[in-house]
Visitor: 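One structure is given below, represented as C-alpha cells, and several questions about it will come after.
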Amino acid sequence: MKTYRIEDIQILNELPPKAKKGDKIAIDTEWTQMEKKKLHRPTGNFASLACTFDGKVVYLIQDSSKIKAFLDNLNDGVWIFHNAKFDIFHLRRFANIQKRMRLWDTMLIEQIMYSGYYSDFTLADLARRRLNIYLPKEERETFNEASNELTQSQLVYSAFDVVATWQVYKSQRTEIDENDLNLWKEIELPFLWVVLSLSGMKVDSQAWKILAKRNMEKAQEYRDKYPEMNLSSPEQVLKKLNELGYKKLDSTKEDYLKPILSECEFAKDLLEYRGLSKASSTYGENWIEDFMESDNRIYSDFKPIGAATGRLSSSSPNMENIPSKDTKEFRKCFIADDENVLVDADWSAQEPRIASYLSQDEKMIEIFRNKKDIYIEAARLMFGWNLSKKDPRRKELMKPTVLGASYGLTEYGMELKYQIPKKDGKRLLNAFFDTFDGMRRFRDRQYKIKTFVQTIYGRKFWLNPYQKGSENNALNSPVQGSAADALKIAAYSFLDRWGWADTNSVMVNIVHDEILIEVPEQLKDAAIQMLKDVMIEVAESMHDGIPADVEIGFGKNWADAHP
DNA sequence: GGAGACGGCGCC
DNA sequence: AAAGGGCGCCGTCTCC
C-alpha cells in the first residue's frame, strides 16, 4: 500500500479561483480542540479549509474571516465532502450555506453502494480500499490536542485528506450505477439537508432531575439489600442464582429470569434493580449535564445512514431509545416552547404494509385495502377468532406473530421473548404462513438470495451468506429499509411543503417511523393536516396499491402528543 | 487510567 | 446447534 508524498501535490495558501459549472471540488475542514461526543455541536476552533479541483493543487486557508469568500468562489461547482454533515454544520458557524443539490458525499455514497458489504466507511477505509493508499491515523489524531495553529505536518496531512476525497470521488463516479445515483439524488441528498436543519428538543430539566434522583435512590435501596454483592455484575448475579439452586441458567438476562420470577425473590429484586439502574445511569442527571444546552434543548447527532438497512441512528444522546413502554415520565420531560405545541405522527403498521407489498400477499393486501386491523383480521383468518381491540391475544400473540414473520422469528424466540409456549408458537407461525401463503413464498424466496437484496426504491443490502443471520437479513432488510426510505422522503417533502428553513426548522425529532415537529399553537391544525397528508402520500406512492395510515396527535409534551 | 470486549437493555 | 432484524449506552471486567 502506498502513502501520499508531499511532492505529489502543491499547497497554495490562497483563495481558490472562481469555480465554473461542472467543476468537481473536494472540500475538507480541520478543527482543533473539539469536545468528544460533541463533534456535531459548535465546539472547537476553526483550523483550516482546503479544496482541490484536480487532486493536485490544494488551496488552503487558515483564516476564518476568509471562509465566506472561499466558499463564494466555489459556489457554481459540485462540492465533494467526506461526511458533508460535519463540514457544512461547522462551516455554517462562519458562512451562510444554503441547501444545494450540487453536492457529493463520498461517505454516504459509499454506504449506498456497499451497505452490508463493509462496515467501516471512514475516509481512511475508502482510501485503502479504493486507492490502495494508506492515510496515517496517528497524524489525524493530533488535531484534537493541537493548539489553534496547525503544524506544517498537520497542514500537509489535511491537504492529503482533501486529495484523497477527490480521488475517492473519481473512483466512485466511474463505478456507481444509475440505481445508486438515484438513491443519492432522490433520497439521501435531500434528507441530508433535513438532518442539518433539525432543531433540538426542549427539555424540562427540573422534572428530569427529580425523576433521576428518585430512580437513583430506589436503585440504592436494592444495593443496600444485597451488600455482599454487586447487583450490576452479571457474573456475581449468576453465581448467586446458582447458589439459590438455579444451576442450568447460562444467562441472567430478563428473558431467562422471567420464568422463575414468581418463585424467586432475588430474581424479582434483580430485575427491579436493573430497571432502576438503567433509568438512573443511561437517563440520569448526567444526561442533562452532558447534553442540555443553554437554550434548554438537546441536539442529538443523527447519522443519515446509521444502519446497514438504511435506517438512521442517533447518538450523543440517542433520541431513539428514550423510555416509553413502562412509563411516560421521561417523554413528558420533552416539551414545547411556551407558544408552541409538539405534533407527533407515526405510520401505523408500517412494516406489515411494506411486507404485504413486497410479498404481494393477497389476503394481507385485502385487509389493508379494507382498512382493517391487521392483527385482528389475521386472528380471524388463522383461527376464526373474533378479537376485540382490547383482547390480550391481539397484543400478546398476534403482534409478535405478524411482526415476527418479517424478521424470521421462530417458536424458540417466541417462548424466550414472549413466554409463548413452543407448541403454541409453532401453531401460530404455521397458521400465519398457511393463511398468508404469499408471505411464505416471499420468505422462502428471500432466504435463497446470496448476493444482495433491495428495498422498494432499490436501496441495496449486501448479504454475506457465510454469516449467521444472513437469511433473516435477506428477509428483513427490504422491509426495514423501505420504511427508512419512506421516512427520509416524507421528512424532506414535509419541510419542503411547510416552508424550508436551513437551520432550526420545525422538525425536532425522528424515531424510525415517527416524526416530531414543534409549531406555534395557531398553526397546529394546518401542521397536523399537512404532515399527515405528506406521510400518507409518500407511503402510498411507495407501496402502490396498499393504503397507508398515519396516527397523529399534539400536546405540550412528547408523551401527550404521541398518538 | 484508558481501550475494548461483553452482558445487558432502552427504543422501533 | 441455534433459535428475530436494526441501533447506542451503561457498568463490569480484563488487559496494557
Side-chain angles (χ1 to χ4, degrees), chain A residues 36-37 115-116 119 215 219 223 229-238 249-257 270-271 273-284 286-287 290-291 300-303 305-327 330-331 346-352 354-355 399-418 420 422 425-426 429 443 446 453 461 463 467-481 483-484 487 509-515 558 562:
Chain A
K36 239 183 183 168
K37 304 218 161 186
S115 271
S119 55
N215 286 326
R223 286 193 198 95
M229 64 180 297
N230 182 349
L231 286 175
S232 295
S233 164
E235 193 184 314
Q236 294 179 36
V237 164
L238 190 60
L249 281 175
D250 47 14
S251 162
T252 73
K253 65 173 67 148
E254 185 174 9
D255 294 342
Y256 289 79
L257 296 184
L270 175 70
L271 291 189
Y273 166 74
R274 289 235 182 102
L276 294 162
S277 164
K278 177 85 175 177
S280 62
S281 58
T282 306
Y283 311 105
N286 284 349
W287 198 90
D290 292 347
F291 298 117
S300 174
D301 188 7
F302 286 95
K303 281 200 193 74
I305 307 180
T309 55
R311 266 194 182 174
L312 315 196
S313 74
S314 157
S315 60
S316 303
N318 186 345
M319 288 295 292
E320 296 175 332
N321 67 350
I322 305 296
S324 68
K325 282 184 180 145
D326 296 336
T327 170
F330 291 96
R331 295 201 177 195
D346 69 358
W347 280 289
S348 59
Q350 187 194 28
E351 295 202 357
I354 291 167
K399 270 190 134 177
T401 305
V402 173
L403 294 171
S406 9
Y407 297 147
L409 183 63
T410 64
E411 63 269 29
Y412 295 89
M414 287 176 112
E415 179 166 270
L416 190 57
K417 194 93 183 165
Y418 305 104
I420 299 168
K422 275 198 278 293
K426 185 91 196 147
L429 288 168
R443 181 196 66 186
Q446 295 302 108
V453 292
F461 181 106
L463 300 164
Q467 190 177 49
K468 174 168 150 298
S470 173
E471 287 190 337
N472 285 330
N473 286 149
L475 179 62
N476 185 49
S477 297
V479 180
Q480 190 182 115
L487 179 281
N509 197 9
I510 295 172
V511 189
H512 304 304
D513 66 346
E514 175 184 0
I515 294 175
W558 189 1
H562 193 62

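Chain naming here is simple, since letters A, B, ... match the order of the sequence lines and numbering starts at 1 in each.
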Visitor: Can you tell me whether the side chain of Asn318(A) and the base of dG8(C) have a donor-acceptor pair closer than 3.5 Å?
Guide: no

Visitor: If you go through the side-chain atoms of Arg311(A), does one of them form a donor-acceptor pair with the base of dC12(B) closer than 3.5 Å?
Guide: yes

Visitor: Quick check, does Tyr412(A) stack with dA3(C)? I mean ring centres under 5.5 Å and planes off by under 30°.
Guide: yes

Visitor: Look at all strands and tell whether Ala279(A) reaches a base, only sugar-phosphate, or nothing, counting heavy atoms closer than 4.0 Å.
Guide: nothing

Visitor: So what does Thr252(A) hit on the nucleic acid, given a heavy-atom distance under 4.0 Å: a base, only sugar-phosphate, or nothing?
Guide: sugar-phosphate

Visitor: What's Tyr418(A) touching, base or sugar-phosphate or nothing? Going by heavy atoms closer than 4.0 Å.
Guide: base

Visitor: Checking only heavy atoms, does the side chain of Tyr256(A) share a donor-acceptor pair with the base of dG8(B) at less than 3.5 Å?
Guide: no

Visitor: Counting only distance, no hydrogens or angles, is the base of dC9(B) paired donor-acceptor with the side chain of Lys278(A) under 3.5 Å?
Guide: yes

Visitor: Select one nucleotide: of dC10(C), dC12(B), dC9(B), the one nearest the side-chain heavy atoms of Lys253(A).
Guide: dC9(B)

Visitor: Classify the nucleic acid contact of Lys303(A) as base, sugar-phosphate or nothing, counting any heavy atom under 4.0 Å across all strands shown.
Guide: sugar-phosphate

Visitor: What nucleic acid atoms does Ser324(A) come within less than 4.0 Å of, heavy atoms only: base, sugar-phosphate, or nothing?
Guide: sugar-phosphate

Visitor: Applying a 4.0 Å non-hydrogen cut-off, can you work out what Ser314(A) is touching in the nucleic acid: base, sugar-phosphate, or nothing?
Guide: sugar-phosphate

Visitor: So, OP1 or OP2 of dC7(C): does either fall under 4.0 Å of a side-chain N or O from Gln480(A)?
Guide: no

